[in-house]
Amino acid sequence: MSDQGSQPDQPDHSVDKAARNLDAYRARYAERTAGMTASEIRALFAVASRPEVVSLAGGMPNLAALPLDSLATEVARLVSEDGQVALQYGSAHGVPELREQICEVMALEGISAHPDDVVVTAGSQMGLDMVTRIFCDPGDVILAEGPSYVGALGSFGAYQAEVVHVAMDEDGLQPEALRQAIADLGKQGKRIKFLYTIPNFHNPGGITLAVNRRAEVLEICREADILVVEDNPYGLLGFDGKPYPALRSMDPDNVVYLGSFSKTFASGLRVGWVLAPLAIREKLVLTAESATLCPPTLNQMIVSRYLSTHDWQGQIKIFQEQYRERRDAMMSALEQHMPAGCTWTKPEGGFFVWLTVPEGVDTKAMLPRAVTQRVAYVSGTGFYRDGFGSRQMRLSYCYPTPERIREGVRRLANTLSEEMELVRTFGTVPPRSVPGPQAPSPDTA
């Protein structure tokens, strides 16, 4: 057979291109997935989870303080007595008895609420995601403290919202900075959908919004017709035992409140809630139905049984005492070991300390070397949407023992001192941009 007119074999560039692209579905994804990235530190924490490494990174509660034996008995009784309900589908609104108990919990912070206005969620992260889904179109603006919770930034980015950070100081969100941000965005013709704030024992900042600022922040948002989303997982974990007044208690019509049992009971049950005005509540229920049909009934009933059969307020006091002891261990270790030029916040509750290192040190670049020295932290860059935070890190004191905290801080200080010596010898490294919001994980929660 003649080969006349035939063409020589040509390289198939489409095959080469497909081979280079490890994700064959990339061209089919929605645009909103472009900014979704996995946590850059997740691979490192596969190493950091080894027992020889002191992790000052993850915000995991200290579950060893729970009465596990009695809880096991109650869970077994629950399944035996009410298993046909507990293991069945439920309402997207949540178990009625639990919603009533949630109102009792919120009353400790001055909130007066009706159970019908509470929507139970699979953790408050789900509530935050639903609120963002309901309110934000691509390009809408969300105001958030700088720094802010990495899980919130991930949700905001997933819905293509623009995040504008508002500065904080030792008394929390600065009202004047909030006014300025609103004015600047107004001149640009941008729509602000809500202010996202963690007023109590901030994650990652470890600071608390001063009581005398709370009414002013609410007034600014009310005048500008901006909704306030109050995320308050740590509010009952203050070290003086006196809860701060919730923003929701001061302005029920303009505040959506996010709560959680993850920090005051058991994070693995993934039970949280949203308290919202009536119209928003209806949208939340519809959104929950489309996302999960209903939150896990068994988990809700376990929490409800715990609240009705255990001294849960006494248990919270035990948590407060244990976390205070750990906070004190970290404060004393930082004072003893950290090199000159470092500053840090002094939390009155919650889980976290925000550490600022001297000029020229990049905490993100230093992290692998810290893990090599058998200590881990979370770099500050993950808590900003705009690339800041390279001189900051978040330290968590909630999970390690006081002895481990002191040893971890000593190792971290040694690593930082070595890094500062490298900077003095070779100069600084230009700051690197952050590719996009990072997905939340237990390492950064």
Side-chain angles (χ1 to χ4, degrees), residues 39-42 44-51 53-65 125 147-153 198 200-208 231 233-235 237-239 260 262-264 266-268 319-334 337-338 342-357 363-364 366-367 370-371 373-383 389 392-413 415-416 438 440-445:
S39 169
E40 296 180 6
I41 65 171
R42 193 173 295 173
L44 276 174
F45 281 98
V47 178
S49 62
R50 295 177 180 173
V53 177
V54 179
S55 178
L56 304 176
M60 297 182 295
N62 179 27
L63 299 185
Q125 180 71 33
S148 191
Y149 167 51
V150 65
L153 300 182
I198 307 173
N200 300 320
F201 322 127
H202 187 269
N203 178 7
I207 58 181
T208 296
D231 195 356
Y234 311 98
L237 295 176
F239 299 143
S260 175
S262 291
K263 308 302 187 292
T264 56
S267 55
F319 284 136
Q320 291 170 345
E321 293 167 1
Q322 293 194 345
Y323 296 142
R324 183 194 300 113
E325 180 186 18
R326 286 161 165 76
R327 186 277 312 265
D328 291 346
M330 180 165 283
M331 291 291 102
S332 63
L334 290 170
H337 296 295
M338 278 295 146
C342 295
T343 60
W344 52 87
T345 56
K346 297 174 176 60
E348 300 173 356
F351 288 3
F352 306 112
V353 170
W354 188 243
L355 175 70
T356 299
V357 301
T363 61
K364 187 175 178 181
M366 188 180 78
L367 180 57
V371 172
Q373 297 298 319
R374 296 173 298 147
V375 63
Y377 58 85
V378 183
S379 170
T381 54
F383 301 100
Q392 283 78 36
M393 65 177 73
R394 191 192 74 178
L395 304 178
S396 172
Y397 51 79
C398 53
Y399 190 74
T401 64
E403 293 75 22
R404 293 278 284 175
I405 289 171
R406 284 187 280 266
E407 175 59 19
V409 170
R410 186 192 66 78
R411 295 177 188 178
L412 177 60
T415 305
L416 180 56
Q438 298 188 11
S441 72
D443 301 325
T444 52

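Using a 30° and 60° split on the angle between ring planes, Tyr397 and Phe239 fall in the tilted class, from 30° to 60°.
In this structure, the side chains of Tyr323 and Phe351 come closer than 4.5 Å at one or more pairs of heavy atoms. Counting heavy atoms from C-beta outward, Met330 and Leu56 have side chains that approach closer than 4.5 Å. Two residues are said to be in side-chain contact when any heavy atoms from C-beta on lie closer than 4.5 Å; Asn200 and Glu348 fail this criterion. You'll find the side chain of Ile405 stays beyond 4.5 Å of the side chain of Met331, heavy atoms only. You'll find the side chain of Asp328 stays beyond 4.5 Å of the side chain of Glu325, heavy atoms only. Contact annotation: the side chain of Val378 never approaches that of Val150 to less than 4.5 Å [non-hydrogen atoms, C-beta and beyond]. The shortest distance between side-chain heavy atoms of Arg327 and Pro347 falls below 4.5 Å. Considering only heavy atoms from C-beta on, Phe383 stays 4.5 Å or farther from Ser148 through its side chain.
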Next item on the list: I would like to know whether Glu321 and Arg324 meet salt bridge (charged side-chain N to carboxylate O under 4.0 Å, His left out); could you show each step before the answer?
Entry: CA-CA 5 Å; Glu321 293 167 1; Arg324 183 194 300 113; 5.6 Å; no
Check: Where do Met366 and Leu412 land on the side chain to side chain contact (heavy atoms under 4.5 Å, CB included) test, with the steps shown first?
Finding: CA-CA 10 Å; Met366 188 180 78; Leu412 177 60; 4.3 Å; yes
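Atoms NZ and CE, on Lys263 and Met60 in that order, are 11.5 Å from each other to the nearest 0.5 Å. Residue Arg50 holds its CZ atom at 12.0 Å from CZ of Arg374, rounded to the nearest 0.5 Å. Separation of atoms OH (Tyr149) and CD1 (Ile198) is listed at 8.0 Å; rounding is to 0.5 Å. To the nearest 0.5 angstrom, Phe319 atom CZ is 6.5 Å from Leu63 atom CG. A distance of 15.0 Å separates CZ in Arg411 from OH in Tyr377, rounded to the nearest 0.5 Å. Atom CH2 of Trp344 is separated from atom CG of Leu355 by 7.5 Å, given to the nearest 0.5 angstrom.
Taking each heavy atom of Arg404 and Val54 in turn, the nearest pair found is O-CG1, 3.3 Å. Smallest separation of non-hydrogen atoms from Trp354 and Pro147: CZ2-CG, 3.6 Å. Taking each heavy atom of Cys342 and Val357 in turn, the nearest pair found is SG-CA, 4.3 Å. Thr363 and Gln392 get closest at one heavy-atom pair: OG1-O, 2.7 Å. Contact detail for Gly58 and Cys398: the closest heavy-atom pair is O-SG, 4.0 Å. In this structure, Asn203 and Tyr234 approach most closely via the heavy-atom pair ND2-OH, 3.3 Å.
Judged purely by atom type and a 3.5 angstrom limit, Thr381 has no side-chain atom pairing as donor or acceptor with the backbone of Gly389. No side-chain donor-acceptor contact under 3.5 Å links Thr345 to the backbone of Ile207. Judged by distance alone, the side chain of Gln322 and the main-chain N or O of Ala65 form no donor-acceptor pair under 3.5 Å.
Checked for salt-bridge contact, Arg410 and Glu407 meet the test: a charged N lies under 4.0 Å from a carboxylate O.
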